[in-house]
Participant: 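Before we start, here is the structure in question, set down as structure tokens.
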Amino acid sequence: MAKSILVTGGAGYIGSHTVLQLLLGGYNAVVVDNLDNSSEIAIRRVRDLAGDLGKNLTFHKLDLRDKPALEKVFASTKFDAVIHFAGLKAVGESVQKPLLYYDNNLIGTIVLFEVMASHGCKKLVFSSSATVYGWPKTVPCTEEFPLSATNPYGRTKLFIEEICRDIYRSDSDWKIILLRYFNPVGAHPSGDIGEDPRGIPNNLMPFVQQVAVGRRPALTVFGSDYSTTDGTGVRDYIHVVDLADGHIAALRKVDDPSIGCEVYNLGTGKGTSVLEMVSAFEKASGKKIPLVMADRRPGDAEVVYAETDKAEKELKWKAKYGIEEMCRDQWNWASKNPYGYEASASKN
């Protein structure tokens with residue numbers, strides 16, 4: 001029997017790529033998403049990309065805070081595990097609207113865990129973030145680093161991690177894997193699914209891609225006087241397909257009887273500066289990216305990258321793609337969908 005996995009936030013950027021890898025891996029995937037920052041078109045395209053396996057995908061538009069609606073989904077399917085992506089994720093917005101973030105991310109998660117428990121589904125892979133390391137004093141970041149968050153978005157990830165640890169301490173039947181992602185970029189090689197942020201992008205690559213397709217005049221680089229090779233901040237960028245495969249590896253691991261509540265970093269273990277990334281994207285796209293150099297943003301860390309030994313050893317997972325492939329696939333997605341899902345759908 002194929003395993004049935006509930007994927008919350010499965011229409012989003014990382015969610016949609018993971019759902020595709022699940023289908024290709026022979027799983028049944030049931031997606032719940034309120035489409036607050038995502039598009040149902042992503043689900044349709046995942047179904048198409050999966051070919052015959054697309055029939056194993058079910059979608060429900062619902063908000064996790066709507067307990068009766070979520071109960072209905074659990075009543076209709078016996079889930080083997082849950083991958084929990086759903087959540088708001090814009091750092092700047094979280095600073096301006098903390099209550100929105102706490103309400104959506106925390107209440108939604110608590111309702112999900114209550115419904116999981118009442119239906120005897122106690123296997124969970126949670127989408128956490130390297131943001132729980134705050135501004136690490138040294139690199140690479142290991143899973144044992146002290147935790148702190150510097151904004152409400154990061155705190156919601158940290159609080160949910162703590163809730164997971166508390167649930168496991170109270171009931172050892174739970175098997176929980178917390179995946180701390182570094183900086184997901186790129187898109188599916190088909191160019192049919194990718195990142196489509198609403199409004200002004202928060203992250204480097206969607207911004208670069210919008211400059212490349214002519215939606216924005218220039219890229220603002222915050223901070224050019226860091227003590228790095230070229231003065232710009234260094235991050236650990238990971239191809240979204242590698243990240244999706246990391247979730248499949250975590251799902252397999254959650255069946256291991258020895259697992260309690262475990263944490264794994266998902267990154268490449270290598271740092272890349274902003275300017276190196278821009279240069280790789282220019283090469284992939286053949287476009288010049290105009291730059292505006294600006295002051296550092298308060299609170300931005302200088303260098304952050306992952307120690308990935310634990311994931312390699314215990315999950316048997318390792319990132320395969322480098323920045324060339326990340327930029328190639330990002331550009332392929334951007335050039336096919338310059339204005340994201342909705343605009344390209346209206347042309348179809």
Side-chain angles (χ1 to χ4, degrees), residues 7 9-24 29 31 33 35-54 57 59 85 89-90 181 183-219 237-245 247 272 274 276-290 319-348:
V7 185
Y13 172 43
I14 301 165
S16 57
H17 287 81
T18 302
V19 170
L20 179 55
Q21 299 306 98
L22 281 172
L23 296 169
L24 297 175
V31 171
D33 198 305
L35 302 180
D36 189 44
N37 191 26
S38 56
S39 169
E40 201 174 339
I41 297 162
I43 294 290
R44 292 211 292 274
R45 292 192 182 174
V46 165
R47 198 174 269 131
D48 292 344
L49 288 168
D52 289 346
L53 297 168
L57 171 57
F59 173 67
F85 292 107
K89 60 169 192 179
Y181 319 156
N183 296 65
V185 296
H188 189 264
S190 65
D192 289 338
I193 55 173
E195 188 169 13
D196 180 22
R198 305 264 163 101
I200 298 172
N202 283 279
N203 299 329
L204 174 67
M205 289 309 277
F207 211 110
V208 170
Q209 110 184 5
Q210 291 190 4
V211 174
V213 298
R215 284 172 67 175
R216 296 186 186 279
L219 170 71
Y237 297 95
I238 173 171
H239 196 299
V240 66
V241 175
D242 274 334
L243 190 57
D245 286 334
H247 290 77
T272 303
V274 172
E276 285 168 338
M277 206 62 185
V278 169
S279 158
F281 191 86
E282 287 182 332
K283 206 167 141 195
S285 64
K287 303 273 181 190
K288 187 86 192 111
I289 305 293
K320 297 197 279 279
Y321 302 110
I323 61 172
E324 291 76 19
E325 290 99 337
M326 296 176 207
C327 291
R328 176 199 68 200
D329 294 341
Q330 185 105 25
W331 174 241
N332 187 27
W333 152 255
S335 48
K336 283 175 86 165
N337 306 272
Y339 284 84
Y341 287 114
E342 306 298 333
S344 50
S346 60
K347 286 198 215 89
N348 293 347

Participant: Can you give me the closest heavy-atom contact between A11 and A42, atom names plus distance?
Facilitator: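 It is O-CB, 3.6 Å.
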Participant: Could you tell me which non-hydrogen atom of R47 sits nearest to which non-hydrogen atom of L57, and how far apart they are?
Facilitator: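 Smallest heavy-atom distance, with atoms named: NH2-O, 3.1 Å.
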Participant: Pair up each side-chain donor or acceptor in residues 282-289 with any protein partner under 3.5 Å, not counting sequence neighbours, and list the distances.
Facilitator:
{"residue": "E282", "atom": "OE2", "partner": "K288", "partner atom": "NZ", "Å": "3.2"}
{"residue": "E282", "atom": "OE2", "partner": "I289", "partner atom": "N", "Å": "2.8"}
{"residue": "S285", "atom": "OG", "partner": "F281", "partner atom": "O", "Å": "2.8"}
{"residue": "S285", "atom": "OG", "partner": "K287", "partner atom": "N", "Å": "3.1"}

Participant: If you round to the nearest 0.5 Å, how far is NZ of K320 from CG of D245?
Facilitator: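 Answer for the CG-NZ pair, D245 versus K320, is 4.5 Å.
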Participant: Name the residue from L49, D329, V46 that meets the side-chain contact (heavy atoms from CB on, under 4.5 Å) definition with H188.
Facilitator: L49
Participant: Tabulate below the donor-acceptor pairs under 3.5 Å that side-chain atoms of residues 200-213 make, not counting sequence neighbours, or state none.
Facilitator:
{"residue": "Q209", "atom": "OE1", "partner": "Q330", "partner atom": "NE2", "Å": "2.8"}
{"residue": "Q210", "atom": "OE1", "partner": "R216", "partner atom": "NE", "Å": "2.6"}
{"residue": "Q210", "atom": "OE1", "partner": "R216", "partner atom": "NH2", "Å": "3.3"}

Participant: So do the side chains of R45 and N337 get within less than 4.5 Å of each other, counting heavy atoms only?
Facilitator: yes
Participant: Of all heavy-atom pairs between A29 and L22, which one has the smallest distance, and what is that distance?
Facilitator: CB-CD1, 4.4 Å
Participant: Quick check: closest heavy atoms across E342 and S39, and the distance to 0.1 Å?
Facilitator: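 Where E342 meets S39 most closely, the heavy atoms are OE2-OG, 2.9 Å.
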Participant: Quick one: pull up CG in L23 and CG in L53 and give me the separation to the nearest 0.5 Å.
Facilitator: 6.5 Å
Participant: Check whether any side-chain N or O of Y341 sits under 3.5 Å from a backbone N or O of I193 as a donor-acceptor pair, and report yes or no.
Facilitator: no
Participant: First locate atom CE of M326, then atom CE of M277, and finally report the distance between them rounded to the nearest 0.5 Å.
Facilitator: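 M326 CE to M277 CE: 5.5 Å, rounded to 0.5 Å.
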Participant: What about H247 and Y181, are their ring centers closer than 6.0 Å?
Facilitator: yes
Participant: Which value, rounded to the nearest 0.5 Å, describes the distance between T18 atom OG1 and F85 atom CZ?
Facilitator: 3.5 Å
Participant: Supply the atom-to-atom distance L20 CG to I43 CD1, rounded to the nearest 0.5 angstrom.
Facilitator: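 Here the interatomic distance stands at 10.5 Å.
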Participant: Look at the side chain of Y13 and the backbone N and O of V185, then say whether any donor-acceptor pair between them is shorter than 3.5 Å.
Facilitator: yes
Participant: For D196, what residues pass the side chain to side chain donor-acceptor pair (under 3.5 Å) criterion, not counting sequence neighbours?
Facilitator: none
Participant: Locate the shortest heavy-atom distance separating P184 from I14; write the atom from each residue and the value.
Facilitator: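 Heavy atoms only, the tightest pair is CG-CD1, 3.7 Å.
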Participant: With rounding to the nearest 0.5 Å, note down the distance linking CD1 in I41 to CG in L35.
Facilitator: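 The CD1 atom of I41 sits 10.0 Å away from the CG atom of L35.
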